[in-house]
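The structure appears right after this line, and notes come after that.
Values reported hereafter were calculated over all heavy atoms of this structure, with side chains retained and with hydrogens, waters and symmetry mates removed.
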Amino acid sequence: MEEFKSTTLGRVTVYSIQGCPHCVQAKATLGRLGVPVCDVDLGRHPQLRARVKELTGRSSVPQIFFNNIHVGGNDDLQKLAPEELQRLVNVVTKEPLPADAPPLPEETQAEDMAGETDGAAELSLIVRELILKLFSEHLSADGKSVDYKGMSANPAFERYCELAVQLQRVELLSLSREEKLAFFINIYNALVIHGYLRLGAPTNMWQRYRFFNYVSYLIGGEVFTLQDIENGVLRGNRKGVAQLLRPFSKADPRLQVALPDAEPLIHFALNCGAKGCPPIKTYTPQDIDSQLRTAAEAFLENDDACLVDSGKREVRLSQIFKWYKADFGGTDEKLLTWVVEHMGDSPKKTSLQGVLSAGKTKVSFLPYDWSSNSSH
């Protein structure tokens with residue numbers, strides 16, 4: 001991918017994030033076309049997110065432009081007819097870059113996101129960025145699998161392990177709500193990958209149960225498993241799926257760290273390592289709620305998360321909404337209201353609003369892809 005530089009020639013602009021399988025697949029396809037491609041990482045240049053959404057009407061990545069022509073995401077690119085794809089290639093190679101081409105970041109804007117944070121938030125960012133970089137380096141060219149075995153042999157993984165040990169010195173009780181959200185989302189996502197590297201991917205329900213109740217970090221002097229982080233801290237100490245008890249008892253010192261209420265938006269930020277999970281990103285305390293809303297919008301744009309059948313007056317949703325229905329209001333009516341309120345403006349949202357205004361709506365749930373994204 002080319003560096004950002006002004007040119008009189010055309011270009012393909014790809015807005016992506018690090019560690020996104022769909023972005024990797026799109027860039028691999030574009031790389032075979034022999035056209036100049038500028039890859040803009042919205043994780044490093046968050047100031048461009050609002051403009052990209054304004055141009056595309058979408059929150060998800062990748063978003064692809066041939067000169068000023070918006071193609072859409074990876075699925076849209078893969079579905080292009082050969083003659084249409086060739087027409088777009090000709091536009092880029094034979095026509096000058098128009099004045100209204102999508103923006104590239106100014107070089108002075110490439111700031112280190114961790115520079116605005118300190119303490120626990122900064123450590124979680126560094127930990128998350130390091131393992132995300134490892135993850136990206138070992139993501140397959142088609143973006144569909146991860147070489148966890150290769151990751152574990154990478155010298156950078158040992159540096160990551162040394163860094164993870166520092167989590168035991170974090171002072172958790174001093175963290176604000178925003179700092180807790182960013183810290184624990186980043187650590188959860190990093191811990192899932194670390195667990196895969198050490199133990200391998202769980203392949204059945206019993207192994208998944210053990211994995212999420214066993215894989216843990218020592219943080220601030222206390223042990224936190226994946227289950228503890230998700231259901232104890234981020235969901236306000238609620239019972240998890242197939243759990244008989246709350247994660248923290250009244251006498252458990254970790255209860256002081258738990259958020260006061262369940263935070264529904266965390267479900268679109270947590271990545272459990274399976275192919276059906278939300279895309280991986282890093283989070284910062286600054287503007288955390290806006291970041292989480294963007295993650296929810298991007299999730300709901302995908303048809304494997306939300307499908308609307310106007311003819312049958314049926315809405316099909318990800319299993320996440322079934323498992324954690326209590327976090328979204330507890331009833332089908334409240335769940336659908338929550339979904340509408342958190343969708344970006346789109347034909348799908350208009351269809352859903354139409355179905356809801358027509359009266360009784362059937363809610364069903366899509367099958368969840370539990371297959372591992374491991375290539376081994």
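A donor-acceptor pair is defined here as one N or O able to donate and one able to accept, closer than 3.5 Å; no such pair exists between the side chain of Asn68 and the backbone of Pro98. Between the side chain of Glu178 and the main chain of Asp287, no donor-acceptor pair closer than 3.5 Å is present. The backbone N or O of Val215 sits nowhere less than 3.5 Å from a side-chain atom of Gln227 that would complete a donor-acceptor pair. Not one N or O on the side chain of Asn302 forms a donor-acceptor pair closer than 3.5 Å with the backbone of Asp304. For the pair Gln25 (side chain) and Lys27 (backbone), a donor-acceptor distance under 3.5 Å is absent. Side-chain atoms of Gln291 come within 3.5 Å of backbone N or O of Thr284 as a donor-acceptor pair. Side-chain atoms of Arg246 never come within 3.5 Å of backbone atoms of Lys239 as a donor-acceptor pair (strictly under, hydrogens ignored). Proximity of a side-chain donor or acceptor of Asn67 to a complementary backbone N or O of Ile69 within less than 3.5 Å is not detected.
Phe321 is linked by a ring pair (Phe, Tyr, Trp, His ring centres under 6.0 Å) to Phe268, Phe328, counting only residues two or more places apart in sequence or in another chain.
Side chains of Ser136 and Leu139 form no contact here, defined as non-hydrogen atoms less than 4.5 Å apart. In this structure, Met151 and Ile193 have side chains that are in contact, with non-hydrogen atoms separated by less than 4.5 Å. Two residues are said to be in side-chain contact when any heavy atoms from C-beta on lie closer than 4.5 Å; Gln319 and Leu366 fail this criterion. You'll find the side chain of Tyr15 stays beyond 4.5 Å of the side chain of Pro62, heavy atoms only. The shortest distance between side-chain heavy atoms of Val92 and Pro36 falls below 4.5 Å.
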Legend entry - Intermediate values then yes/no, ring pair (Phe, Tyr, Trp, His ring centres under 6.0 Å), Phe211 and Tyr196: CA-CA 9 Å; Phe211 185 87; Tyr196 270 43; 5.4 Å; yes
Inset, instruction - Output, in order, the C-alpha distance, side-chain angles, deciding distance and verdict of salt bridge (charged side-chain N to carboxylate O under 4.0 Å, His left out) for Glu54 and Arg51. - result: CA-CA 5 Å; Glu54 186 182 321; Arg51 180 62 179 145; 2.8 Å; yes
Inset, instruction - Carefully, step by step, assess Val315 and Asp332 under the rule side chain to side chain contact (heavy atoms under 4.5 Å, CB included). - result: CA-CA 10 Å; Val315 181; Asp332 284 354; over 6 Å; no
Inset, instruction - Determine, step by step, whether Glu297 and Lys53 satisfy the side chain to side chain contact (heavy atoms under 4.5 Å, CB included) criterion, reporting the C-alpha distance in whole Å, the side-chain angles of both residues, the deciding distance to 0.1 Å, and the verdict. - result: CA-CA 11 Å; Glu297 276 190 21; Lys53 185 179 178 184; 2.7 Å; yes
Inset, instruction - Verify side chain to side chain contact (heavy atoms under 4.5 Å, CB included) between Leu197 and Phe157, making sure each step is shown before the conclusion. - result: CA-CA 9 Å; Leu197 290 170; Phe157 177 58; 3.2 Å; yes
Inset, instruction - May I have the step-by-step check of salt bridge (charged side-chain N to carboxylate O under 4.0 Å, His left out) for Asp303 and Arg316, ending in yes or no? - result: CA-CA 9 Å; Asp303 285 343; Arg316 304 185 72 199; over 6 Å; no
Inset, instruction - Decide side chain to side chain contact (heavy atoms under 4.5 Å, CB included) for Ile185 and Phe183; before the verdict, give the C-alpha distance in whole Å, the side-chain angles of both, and the deciding distance to 0.1 Å. - result: CA-CA 6 Å; Ile185 289 170; Phe183 175 83; over 6 Å; no
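Note: the hydrophobic cluster containing Ile187 does not contain Val223 (ILVMFWY, side chain heavy atoms under 4.5 Å, direct or indirect links). Leu307 and Leu336 end up in different hydrophobic clusters when Ile, Leu, Val, Met, Phe, Trp and Tyr side chains are linked at under 4.5 Å. Placement of Tyr188 and Tyr209 in two distinct hydrophobic clusters is found when ILVMFWY residues are connected by side-chain heavy-atom separations under 4.5 Å, directly or transitively. Two different hydrophobic clusters hold Leu218 and Ile126 under the rule that ILVMFWY side chains link at heavy-atom gaps under 4.5 Å. Grouping the Ile, Leu, Val, Met, Phe, Trp and Tyr side chains by contacts below 4.5 angstrom, directly or via other members, places Val192 with Val241.
Among pairs with a residue in residues 355-366, those fulfilling side-chain hydrogen bond (donor to acceptor under 3.5 Å, both in side chains) read Glu314-Ser364, at least two apart in sequence or across chains.
A donor-acceptor pair shorter than 3.5 Å can be found between the side chains of His70 and Gln63. Between the side chains of Asp39 and Ser16, at least one donor-acceptor pair of N or O atoms lies under 3.5 Å. A donor-acceptor contact under 3.5 angstrom links the side chains of Tyr217 and His194, judged on distance only. Ser346 and Glu301 form no side-chain donor-acceptor contact under 3.5 Å, judged by distance and modelled atom types alone. Inspection of the Asp228 and Thr225 side chains reveals an N or O donor paired with an N or O acceptor under 3.5 Å. Defined by atom type and a distance below 3.5 Å, a donor-acceptor pair is present between the side-chain atoms of Glu230 and Tyr324.
Closest non-hydrogen pair, Glu137 versus Asn154, comes out as OE1-ND2, 3.5 Å. Closest approach of Gln47 to Pro105, counting heavy atoms only: NE2-CB, 4.2 Å. Pairing each heavy atom of Ile17 with each of Gly43, the nearest pair is CG2-N, 4.0 Å. Contact detail for His342 and Leu300: the closest heavy-atom pair is O-CD1, 3.7 Å. The shortest non-hydrogen separation linking Thr282 to Asn186 is CA-OD1, 3.6 Å. Val35 and Leu30 get closest at one heavy-atom pair: CG2-O, 4.1 Å.
Atom CZ of Phe66 sits about 13.0 Å away from atom CZ of Arg11, to the nearest 0.5 Å. We find the CD-CG distance between Glu222 and Leu167 to be 14.0 Å, quoted to the nearest 0.5 Å. Distance CG/Asp345 to OG1/Thr350: 7.5 Å, rounded to 0.5 Å. Taken from CZ in Phe135 to SG in Cys20, the straight-line distance is 9.5 Å, to the nearest 0.5 Å. Interatomic distance, CG of Leu259 versus CG of Leu181, reported as 5.5 Å (0.5 Å rounding). In this structure, Phe365 CZ and Ser318 OG are separated by 9.0 Å, a value rounded to the nearest 0.5 Å.
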Hey, can you pull the donor-acceptor pairs under 3.5 Å for the side chains in residues 78-85, sequence neighbours left out?
unit_1 : atom_1 : unit_2 : atom_2 : d
Gln78  : NE2    : Thr29  : OG1    : 2.9
Gln78  : NE2    : Asn74  : OD1    : 2.8
Glu84  : OE1    : Arg87  : NE     : 3.1
Glu84  : OE2    : Arg87  : NH2    : 3.0

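At a threshold of 4.0 Å, the pair Asp76-Arg58 counts as salt-bridged, since one of the basic side-chain nitrogens sits closer than that to a carboxylate oxygen. With respect to Asp147 and Lys149, no salt bridge is recorded, no charged nitrogen being found less than 4.0 Å from a carboxylate O. In summary, Arg235 and Asp261 do not engage in a salt bridge, as defined by a charged side-chain N under 4.0 Å from a carboxylate O. A salt bridge links Glu263 with Arg177: at least one charged nitrogen is closer than 4.0 Å to a carboxylate oxygen.
Relative ring orientation between Phe224 and Phe248 is described as perpendicular, the plane-to-plane angle rising above 60° on a 0-90° scale split at 30° and 60°.
Few gaps surround NZ on Lys348; more than 12 heavy atoms of other groups in view lie less than 6.0 Å from it. Residue-environment remark: NZ (Lys133) stays at or below the threshold of 12 foreign heavy atoms within 6.0 Å.
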